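Following: one structure in structure tokens, then a few remarks.
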Amino acid sequence: MSSRPELQAPPEIFYDDSEARKYTSSSRIAEIQAKLSERALELLALPDDGVPRLLLDIGCGSGLSGETITENGHQWIGLDISPSMLNVALQNEVEGDLLLGDMGQGLGLRPGVIDGAISISAVQWLCNADKSSHEPRLRLKAFFGSLYRCLARGARAVLQVYPENLAQRELILSYAMRAGFAGGVVVDFPHSTKRRKEYLVLTCGPPSLSTAVPGGKGEDGESCSDDESSGDEENQTVSISDRHRPRKKQKINKKGKDRGWVLKKKEQMRRKGNVVPPDTKYTARKRKARF
Amino acid sequence: MRLLTHNMLSCNIKGVTNGFPLRIEAEKVVEKQLEINHDFLRNIFPKIDWKAFSDASRIMGYHELPEEPPEPSVLESDAEFLGKFHHALLELHLEEGALICPETGRKFPVSKGIPNMLLLEDEV
């Protein structure tokens with residue numbers, strides 16, 4: 001079976017009592033959620049003046065992300081479609097208010113009242129049609145349209161998503177832009193499969209300098225939204241002189257894995273976010289003859 | 001659900017032009033203590049629809065708030081008013097009851113403090 005929960009069942013059915021219990025018992029899930037919400041709040045870039053704001057948590061689930069908001073001193077309203085997850089949130093006695101609702105039906109909120117919105121691993125659910133009445137494009141449109149309306153001018157929304165593929169990300173982003181948002185995708189750890197996380201950073205209002213999208217973590221100053229195309233540029237150009245070289249000569253050059261090769265591999269692993277020992281004078285040192 | 005959230009919620013049914021404010025049917029109201037934060041109250045005050053807020057507080061059984069919206073200057077000086085505002089906004093919770101759309105009369109039940117805002121297929 002697929003490992004993506006989106007492909008298994010609609011959210012209100014997938015997150016049943018047993019799945020919801022995992023969110024109280026598993027410290028690993030809690031830790032990941034806390035990290036994601038911490039980063040989302042960081043990207044939200046609220047003014048640092050100590051004034052508590054009113055934030056929206058879309059797909060709040062058991063309130064793990066809400067607890068991070070509370071720790072940062074803000075008030076929040078959480079929305080989720082799964083009653084089981086909201087029950088867990090009640091047991092955890094979260095500080096924010098909870099609503100049972102479907103983001104694909106639009107957020108029923110007054111215009112311009114919310115100071116910021118975060119969403120952790122929720123928006124990709126909109127791309128699925130779980131009922132015959134569901135039309136993903138209309139649901140995305142309703143969601144982003146109502147989100148744009150309820151946010152105050154200049155407010156940000158940071159949505160952490162797990163798009164299934166490139167097309168799905170494009171779809172989500174295009175509907176966000178159509179609703180009037182400015183912004184883009186921030187990718188943390190783009191070279192790692194496991195730690196790679198994508199955040200849609202959206203700003204209410206037309207694009208300007210202040211709405212520029214911040215850079216992602218662990219990407220060596222590359223711009224974040226076009227990391228697929230700029231992957232490894234030196235690998236894309238084919239050297240013609242190499243092609244006509246006699247085969248034998250090529251083999252002679254490939255003599256063992258030298259220090260340069262080891263350093264290159266270590267750098268690759270570091271970019272993936274793995275723990276790699278530091279480079280020292282002992283790195284890839286030649287062994288003595290007695291070995 | 002606190003009155004803060006009630007003041008932000010509006011009815012989302014297709015075709016409804018004025019879905020705010022939702023009328024409250026209170027069956028059970030509880031109070032939960034919360035530390036007062038003046039900065040938050042000042043920040044949220046301009047966004048509150050005062051009439052809906054004071055009406056809602058009366059339905060919840062709290063009669064201390066003035067009917068007319070107070071001057072913003074009150075927020076700077078009057079600690080007593082801030083206390084009342086804080087109590088009504090953040091400490092009163094609607095635990096059981098319902099929210100009713102002013103235009104269509106559609107009932108959104110509230111149980112265990114969570115309003116069920118899910119719409120039926122023909123309301124989207």
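Bear in mind the structure is a predicted one, so any value in this text is a computation, not a measurement. Just so we're on the same page: letters track the sequence lines, and every chain starts at 1.
For a residue to count as touching a neighbouring chain, one of its non-hydrogen atoms must lie under 4.5 Å from one of that chain's; by this rule L34(B) touches chain A with the side chain only. For chain B, the nearby parts of L109(A) are the backbone and the side chain; heavy atoms of each come within less than 4.5 Å. Looking at I114(B), both its backbone and its side chain come within 4.5 Å of chain A, counting heavy atoms on both sides. Interface residue N116(B): backbone and side-chain heavy atoms are both found under 4.5 Å from chain A. Residue L90(B) touches chain A through its side chain alone, counting heavy-atom pairs closer than 4.5 Å. If you measure heavy-atom distances from I48(B) to chain A, the contacts under 4.5 Å come from the backbone alone.
Counting non-hydrogen atoms of neighbouring residues, nucleotides and ligands closer than 6.0 angstrom, the NZ atom of K35(A) reaches no more than 12 such neighbours. Under a cut-off of 6.0 angstrom, the local environment of CZ in R23(B) is sparse, with at most 12 non-hydrogen atoms contributed by other residues, nucleotides or ligands. Within 6.0 Å of the NZ atom in K84(B), the count of heavy atoms belonging to other residues, nucleotides or ligands exceeds 12.
Of the listed residues E123(B), K14(B), E121(B), M8(B), the one with more heavy-atom pairs under 4.5 angstrom with chain A than any other is M8(B). Chain A forms the most heavy-atom pairs under 4.5 Å with one residue out of L22(B), N37(B), I13(B), L41(B), and that residue is N37(B).
Atom CG of L54(A) and atom CG of N43(B) lie 8.5 Å apart (nearest 0.5 Å).
Within the structure, the salt bridge (charged side-chain N to carboxylate O under 4.0 Å, His left out) test picks out the following pairs touching residues 27-42 of chain B (sequence neighbours left out): D39(B)-R42(B), R42(B)-E76(B).
Within residues 127-144 of chain A, the residues having any heavy atom closer than 4.5 Å to a heavy atom of chain B are K131(A), S133(A), listed by residue number. Using a 4.5 Å cut-off between non-hydrogen atoms, the part of residues 94-107 of chain A that approaches chain B consists of E95(A), G96(A), D97(A), L98(A), L99(A), L100(A), G101(A), D102(A), Q105(A), G106(A), L107(A). Proximity to chain B among residues 56-79 of chain A is limited to Q75(A), W76(A), I77(A), judged by heavy-atom separations below 4.5 angstrom.
Looking at R110(A), its side chain never comes within 3.5 Å of a backbone N or O of S10(B) through a donor-acceptor pair.
Across N87(A) and K112(B), no two heavy atoms sit closer than the pair OD1-NZ, 3.1 Å.
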